[in-house]
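Presented below is the structure to which this report refers.
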Amino acid sequence: MNENVEEQKKGKYVLIRDGGDEEGNELGGLFYKPLPCFGLGIGWLSFLLGFFFPFAWYFATFLYLTNYYRRDPRERSGLAASAIAALIFTVALLITVLVLVFSGR
């Protein structure tokens, strides 16, 4: 620890380690843990499930809008993809309903 203080006083960069890192652990780090949901992450799993159950897109959109990705930034792309899919699905559903209502049926 004293060497780090001395190096810092000299103006050198000091390596900051995560609390879980150990000396012998080469792959340690905050994002070494696998993502939940079979390694896909909640966002990408919701994106894939949304093609069968569109409610999954809305669930992921809610997580995206509540900044769930701050826990793990790797989730951000999947949650954003699900939010975009929910938007497209909603617009397509709205257009379909309007066409059916105003088509005279």
Side-chain angles (χ1 to χ4, degrees):
M1 185 70 166
N2 291 335
E3 335 176 312
N4 290 342
V5 174
E6 291 173 10
E7 289 179 7
Q8 190 174 13
K9 287 181 181 177
K10 292 179 184 176
K12 294 184 179 180
Y13 290 106
V14 178
L15 179 62
I16 298 174
R17 295 188 179 257
D18 188 13
D21 286 347
E22 298 171 4
E23 293 295 322
N25 189 2
E26 296 175 13
L27 298 175
L30 184 60
F31 303 119
Y32 179 63
K33 298 174 193 169
L35 289 170
C37 300
F38 309 106
L40 291 174
I42 294 171
W44 286 114
L45 185 69
S46 296
F47 179 75
L48 294 174
L49 284 177
F51 291 103
F52 302 103
F53 307 105
F55 180 73
W57 287 331
Y58 295 106
F59 171 71
T61 302
F62 174 76
L63 291 178
Y64 182 71
L65 294 176
T66 57
N67 293 328
Y68 178 80
Y69 56 84
R70 287 191 182 178
R71 292 184 186 180
D72 190 348
R74 298 177 294 172
E75 292 278 3
R76 188 175 197 163
S77 60
L79 293 173
S82 294
I84 293 168
L87 178 68
I88 291 171
F89 177 75
T90 303
V91 169
L93 184 66
L94 184 64
I95 290 172
T96 303
V97 168
L98 288 175
V99 166
L100 290 177
V101 168
F102 292 112
S103 68
R105 290 188 176 195

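Source: prediction; values computed, not measured.
- Looking at every heavy atom in both residues, K33 comes nearest to R74 through O-NH2, 2.9 Å.
- When the side chains of ILVMFWY residues are joined at heavy-atom separations under 4.5 Å, either directly or via intervening members, V101 and L93 end up in two distinct hydrophobic clusters.
- Residues S82 and T61 come closest through the heavy atom pair O-OG1, 3.8 Å.
- For L98, the side-chain contact (heavy atoms from CB on, under 4.5 Å) criterion is met by L94, F102, not counting sequence neighbours.
- Taking the side-chain contact (heavy atoms from CB on, under 4.5 Å) definition, one finds that Y64 meets it with Y69, R76, L79, A80, A83, sequence neighbours left out.
- Qualifying side-chain contact (heavy atoms from CB on, under 4.5 Å) partners for I42, counting only residues two or more places apart in sequence or in other chains: P36, C37, S46, F59, L63, Y68, E75.
- Among residues at least two apart or in separate chains, side chain to side chain donor-acceptor pair (under 3.5 Å) pairs with a member in residues 87-97 are Y58-T90.
- By the 4.5 Å side-chain criterion applied to Ile, Leu, Val, Met, Phe, Trp and Tyr, I84 is assigned to a cluster that also includes I88.
- Evaluation of the side-chain contact (heavy atoms from CB on, under 4.5 Å) rule for F51 yields F47, W57 as partners, not counting sequence neighbours.
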